[in-house]
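Quick caveat: nothing in here was measured; it's all calculated off a predicted structure. The figures that follow rest on heavy atoms only: side chains count, while hydrogens, waters and symmetry mates do not.
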Amino acid sequence: MLQRIQTIWILLSVLAAVFLFITGQDVEVFGGIPVIQVASVVLVLAGAFSLFSFNNRKRQILLNNFSIIINALLIGVLAYWLQNLSGGIDFPEKGIEPVFPLIATICLFLANIYIKKDERLVKSVDRLR
């Protein structure tokens, strides 16, 4: 059932990962290792798999929690990157890369809330039968 509200939240988190992949091309945290690009691809794949595993809500919650952990690590890595950038404190000069994992984390938390609400609804209907 792709018409549920949690589908929209998961889709928004996938879009945030795609935007992070696009804007994070110039981010070099640990030398030449593309940490941001690899993490973005993993987030997109996990989000897409979570999006289409709507029949198994426990797997969906597990994948969302996995994505939340990766996003939290990305927020830390990007905050470290921002602290080590040279230059002033002008916002366009620093970049907006840490905003995308934060948006994705919030969207995934909201998706988990609605998935758990669906799970409770299904269990309550099963009790009536």
Side-chain angles (χ1 to χ4, degrees):
M1 294 185 357
L2 291 175
Q3 68 269 19
R4 299 180 304 172
I5 186 72
Q6 56 264 31
T7 303
I8 295 171
W9 293 118
I10 295 171
L11 186 64
L12 286 175
S13 72
V14 169
L15 285 175
V18 169
F19 289 145
L20 178 65
F21 182 79
I22 292 169
T23 60
Q25 298 293 326
D26 61 341
V27 176
E28 287 189 16
V29 181
F30 303 114
I33 302 170
V35 175
I36 305 301
Q37 286 80 16
V38 171
S40 297
V41 169
V42 168
L43 285 172
V44 167
L45 291 175
F49 191 60
S50 172
L51 194 65
F52 291 110
S53 65
F54 51 84
N55 288 333
N56 193 346
R57 286 177 291 280
K58 290 182 182 180
R59 181 188 309 151
Q60 206 172 23
I61 289 174
L62 181 70
L63 286 169
N64 288 349
N65 287 338
F66 174 71
S67 296
I68 288 171
I69 291 170
I70 291 177
N71 278 317
L73 292 174
L74 273 176
I75 290 171
V77 166
L78 289 170
Y80 172 76
W81 173 71
L82 280 177
Q83 292 297 320
N84 290 333
L85 268 182
S86 62
I89 57 171
D90 296 332
F91 188 70
E93 186 177 321
K94 287 283 193 169
I96 60 167
E97 287 85 3
V99 173
F100 295 123
L102 183 65
I103 291 171
T105 303
I106 293 169
C107 289
L108 288 169
F109 272 127
L110 290 172
N112 279 347
I113 288 170
Y114 284 107
I115 292 168
K116 289 175 185 174
K117 189 182 284 188
D118 273 358
E119 185 70 26
R120 285 192 303 266
L121 179 67
V122 167
K123 285 183 181 180
S124 71
V125 170
D126 284 343
R127 259 186 266 145
L128 293 175
R129 282 195 243 175

*Locate the shortest heavy-atom distance separating Ala72 from Thr105; write the atom from each residue and the value.*
N-OG1, 4.5 Å

*For the hydrophobic clusters of this structure (ILVMFWY residues joined by side-chain heavy atoms under 4.5 Å, transitively), does one cluster hold both Leu73 and Ile36?*
no

*Atom pair CD1/CZ of Ile115 and Arg57 - distance to nearest 0.5 Å*: 9.0 Å

_Phe21 reachable from Ile70 in the ILVMFWY side-chain graph, under 4.5 Å edges_ = no

*Measure the CG-CG distance between Leu63 and Asn112 for me, rounded to the nearest 0.5 Å.*
10.0 Å

*Flag yes if Phe66 and Ile69 sit in one hydrophobic cluster, no otherwise; membership is Ile, Leu, Val, Met, Phe, Trp, Tyr, and two members link when side-chain heavy atoms are under 4.5 Å apart.*
no

*Atom CG in Leu108, atom CD in Gln60: separation rounded to 0.5 Å?*
10.5 Å

Which donor-acceptor pairs under 3.5 Å do side chains of residues 41-54 form with protein atoms, sequence neighbours excluded?
| from | atom 1 | to | atom 2 | distance (Å) |
| --- | --- | --- | --- | --- |
| Ser50 | OG | Asn64 | OD1 | 3.0 |
| Ser53 | OG | Phe49 | O | 3.1 |
| Ser53 | OG | Ser50 | O | 3.3 |

*asked:* Is there a side-chain contact between Ile61 and Glu119 in this structure, where contact means two heavy atoms from C-beta onward sitting under 4.5 Å apart?
replied: no

*Shortest non-hydrogen contact between Pro98 and Ile75, atoms and distance*: O-CG1, 4.4 Å

*For Ile8 and Ile5, run side-chain contact (heavy atoms from CB on, under 4.5 Å): C-alpha distance rounded to whole Å, both residues' side-chain angles, the deciding distance at 0.1 Å, then the answer.*
CA-CA 5 Å; Ile8 295 171; Ile5 186 72; 4.2 Å; yes

*Candidate pair Arg4 and Asp118, rule side-chain contact (heavy atoms from CB on, under 4.5 Å), full reasoning*: CA-CA 9 Å; Arg4 299 180 304 172; Asp118 273 358; 3.2 Å; yes

*asked:* Quick check: is Leu20 connected to Val77 through a chain of hydrophobic side chains (ILVMFWY, heavy atoms under 4.5 Å apart)?
replied: yes

*Nearest-0.5 Å distance, CG of residue Asn71 to CZ of residue Phe109*: 10.0 Å

*Are side-chain heavy atoms of Trp9 and Leu12 found at a separation under 4.5 Å?*
yes

*Linking I/L/V/M/F/W/Y whenever their side-chain heavy atoms sit closer than 4.5 Å, directly or via other members, would Val35 and Ile68 fall into one cluster?*
no

